[in-house]
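Proteins get letters first, then strands, A, B, ... in listed order; numbering begins at 1 in each.
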There are 4 protein chains.
Amino acid sequence: MQSRSPASRTGRPRSATADAAILAATREALVELGWSKLTLGDVATRAGVAKTTLYRRWAGKNELVVDAVAELFDELELPDRGSLAADIEGVVLQFAAILALPEARSGLMAVVAEATRDEALRERIRASVVDRQKRLVLEGRARAQDRGELPPEPDSASADRTVDLIFDMVAGAVVHRTLVSAEPADEEWVRSFTRVLLHGLGG
Amino acid sequence: MQSRSPASRTGRPRSATADAAILAATREALVELGWSKLTLGDVATRAGVAKTTLYRRWAGKNELVVDAVAELFDELELPDRGSLAADIEGVVLQFAAILALPEARSGLMAVVAEATRDEALRERIRASVVDRQKRLVLEGRARAQDRGELPPEPDSASADRTVDLIFDMVAGAVVHRTLVSAEPADEEWVRSFTRVLLHGLGG
Amino acid sequence: MQSRSPASRTGRPRSATADAAILAATREALVELGWSKLTLGDVATRAGVAKTTLYRRWAGKNELVVDAVAELFDELELPDRGSLAADIEGVVLQFAAILALPEARSGLMAVVAEATRDEALRERIRASVVDRQKRLVLEGRARAQDRGELPPEPDSASADRTVDLIFDMVAGAVVHRTLVSAEPADEEWVRSFTRVLLHGLGG
Amino acid sequence: MQSRSPASRTGRPRSATADAAILAATREALVELGWSKLTLGDVATRAGVAKTTLYRRWAGKNELVVDAVAELFDELELPDRGSLAADIEGVVLQFAAILALPEARSGLMAVVAEATRDEALRERIRASVVDRQKRLVLEGRARAQDRGELPPEPDSASADRTVDLIFDMVAGAVVHRTLVSAEPADEEWVRSFTRVLLHGLGG
DNA sequence: TCTTAATCGAGACGGTACGTCAAGTCTTCTC
DNA sequence: GAGAAGACTTGACGTACCGTCTCGATTAAGA
């Protein structure tokens, strides 16, 4: 999450529970107030922690919210459901369920918006959220290739590009459906989406 | 954009140029400062207008930014390039070009984030941005059906759902590629995306 | 007191009552809290005024306290009591009475202490407090010379030096008695002091 | 200086050098920063000592500064110069020289100001600074009476009152001249002051 | 020589106030 | 009556110190 000075053996150690309390308080405040009305002073109060403790560990609101939201996505899994279509539908539904949480909705787009002007924040999001979940695409493709549902990749550069493309298409569609169009990504929608993704508009 | 009191005949009329100046100043400030550091006082100063004038016409920062950004998307067109694939590639490239503008990047995601907690704002975005551009999907589909590239829709409810799905997939993928993955949606990427959209992952 | 931008005709004028309320609130806070625990936020609250209003008019705590305390000394007068000794005793008792007020005790020495490191503040104190009261010494001497109690001054440079000396001796003795020795400058003490001042230790 | 727990025989003894280092660091910080910007954390750092060490020995900033400043006045002496006037001039010049030191100027008035609201601090100042230097007045008077320059005191109560009065007049005048009027108490001024003190205004 | 106990450094802790800034409203004068 | 100017209240910002605490490591004196 946040780095501490590596060579610090002396002095009072940081409270281990404070981190968890702060991130939980951040999510709670996101639910109640949303990103723009969330204040670090309020988060500190909710966490039962001093404002300085919070500033000692995170550089600001953006970094804190990224960490608080990133934890939500770590529970995503790709259980083997027997076919590529079923696998995709399963993980997309999980993803949609997380995006239905107010703490994710409010926080995620806000930090993405901030990241358009902040390279370091963009990198933090990529590391904490995006790259961490690309594993799902990799795993799903490998499984589908084992099953013979997808052909092997001709070369690794092309393979990487395809992973990125699929990730952008899946995540983008779900996010846009959920947050911009503001419609639920329910089972019916997910089935339609998966059909188009696998077989194209003509199918 | 903003409503004015309908029964106002008397008194000094509102300056007609002020609106345009304010929206232009808003976009300029978005470029220089980004959404979170944009202040209405600064916009007023840039526009050569008093803060009160600004508040008289827009309720707040979000509404102002939605209007300022929405104007950017009105120039999207769907010229007939002879095939569905070429039409999609053309409009997606236009969309990507707009999202490459700093004033669009900074503002769009921020108001979407705010909209997760503000129904009226969500509606304003839908009306000013989303629904206004769905025409492109409708037009492209009709043209493709005329050409015989796509089958006619069985019923209108299903047709609407498909339009929404395609719009979410196209807009979502471009936005995610551009703003979250922070990679350019260049011609190569657009070709790959269009191929998957039309023929599916297996193709 | 504080300067305002000279070329400001337009805009809302500064509230005239706010100044008086702030200075009164400052004296009240000095009484209750003393200089070191007085906070500008608290003064603003007491005065029913926003913190920004306060900072718009004074540069900081020191300048504010100087102005608040200086007003206390303006009521000093030198009524003609018939003899130099009686005149001195009268004004010294008035001075002692002001120094007995908690708002004066707490504030005066603190700003003098700050002034040891701040030329501008020293000048402000000199202008607001010291020079304003030297008139009492000048007036007393002139009256005593008219009565024939004191000889006329040989030259004006020497006259100025004597005024300064007398002022330092009178003010210094009362301040030291009151604040450092922390004993009351009562009538008995004032009589003894005046006797020594007029006739020397031997008398 | 500071009291330690009386019943502490065992355990590691307090570092003897720390006290001197802390008081020296305090004076150094007074010179550079003045009283109001002096922080105990900074003093601790300058002294090469932990903040806890400092708080273990002094109750707070005021007590520390009193001790640091009081040491400066211990070097005052009253060498026998042959006459009362010469003796007074000598000691007043020494006193003025100490008050010309930045560490004395900044600290002394500040703690006096704090003492207006703190009885214990007032007592500490009286004990550490004021009473310790009254010996000079007593010694000077005794010497003058031996020389026949001053009459013997009629009774001891009156004698004490006179000592207090003289001390307030001398110390007060020098302090006021130096810190409030902010003019040097040079030889010329000291001669004039001594003349008035011994012979009165009329002389 | 081996406890024993208060010291030492370092630095995190819950707090408070700082001085600044933006939001949105109000007041005055001008066009 | 709209508009420009700018003072107003409110409240969050991020920083700096406060005085307290926890920690592991010294350091002398007494057992």
Rounded interatomic separation in angstrom, taking [atom1] from [X] and [atom2] from [N]:
| X | N | atom1 | atom2 | value |
| --- | --- | --- | --- | --- |
| C/Leu38 | E/dT16 | CG | P | 17 Å |
| B/Glu63 | E/dA23 | CD | P | 13 Å |
| B/Arg46 | F/dA4 | CZ | P | 17 Å |
| C/Trp58 | E/dG19 | CH2 | P | 15 Å |
| D/Leu64 | F/dC17 | CG | C1' | 15 Å |
| B/Asp19 | F/dG3 | CG | C1' | 14 Å |
| A/Ile22 | E/dA12 | CD1 | P | 13 Å |
| A/Lys37 | E/dA23 | NZ | C1' | 11 Å |

For residues C/Trp35 and C/Val111, report the shortest heavy-atom separation together with the two atoms involved. NE1-CG1, 4.5 Å

Pick base, sugar-phosphate or nothing for A/Thr53, based on heavy-atom distances below 4.0 Å to the nucleic acid.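 Counting heavy atoms under 4.0 Å across all strands, the contact made by A/Thr53 is with sugar-phosphate only.
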
Describe the nucleic acid contact of B/Gly48 in one word from base, sugar-phosphate, nothing, applying a heavy-atom distance below 4.0 Å. sugar-phosphate

Whichever of C/Leu40 and B/Lys61 has its nearest DNA chain E nucleotide further upstream toward 5': C/Leu40

Considering heavy-atom distances to DNA chain E, does A/Ala50 or D/Ala50 have its closest nucleotide positioned more toward the 5' end? D/Ala50

Is B/Ser128 reaching over with its side chain to a backbone N or O of B/Arg124, donor-acceptor style, under 3.5 angstrom? yes

Got a sec, which residues hit side-chain hydrogen bond (donor to acceptor under 3.5 Å, both in side chains) with D/Ser15, two or more places apart in sequence or on another chain? D/Thr17

Pairing residues for C/Arg117 by the side-chain hydrogen bond (donor to acceptor under 3.5 Å, both in side chains) criterion, not counting sequence neighbours: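 By the side-chain hydrogen bond (donor to acceptor under 3.5 Å, both in side chains) rule, C/Arg117 matches no residue at all.
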
Lys/Arg N to Asp/Glu carboxylate O, D/Arg122 vs D/Asp118, below 4.0 Å: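 No.
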
Should B/Glu71 and B/Arg27 count as an ion pair when the cut-off is N to O under 4.0 Å? yes

For a quick check, tell me whether the side chain of A/Lys51 and the base of E/dG14 share a donor-acceptor pair closer than 3.5 Å. no

Given F/dC17, F/dA4, F/dA7, which nucleotide is nearest the side-chain atoms of C/Arg57? F/dA7

Choosing from E/dC13, E/dA23, F/dA12, which nucleotide comes nearest the side chain of B/Tyr55?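 Closest nucleotide among those given: E/dA23.
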
Between C/Val49 and A/Gly60, just flag the one whose closest nucleotide in DNA chain F comes earlier from the 5' side.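 It is C/Val49, whose closest nucleotide lies nearer the 5' terminus.
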
Taking only N/O atoms, report every protein-nucleotides 22-26 of chain F pair under 3.5 Å with atom names and distance.
{"unit_1": "F/dT26", "atom_1": "O2", "unit_2": "D/Arg12", "atom_2": "NH1", "d": "2.7"}

Spacing of A/Lys51 atom NZ and A/Thr39 atom OG1 [to the nearest 0.5 Å]: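 Between atom NZ of A/Lys51 and atom OG1 of A/Thr39 there are 8.5 Å.
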
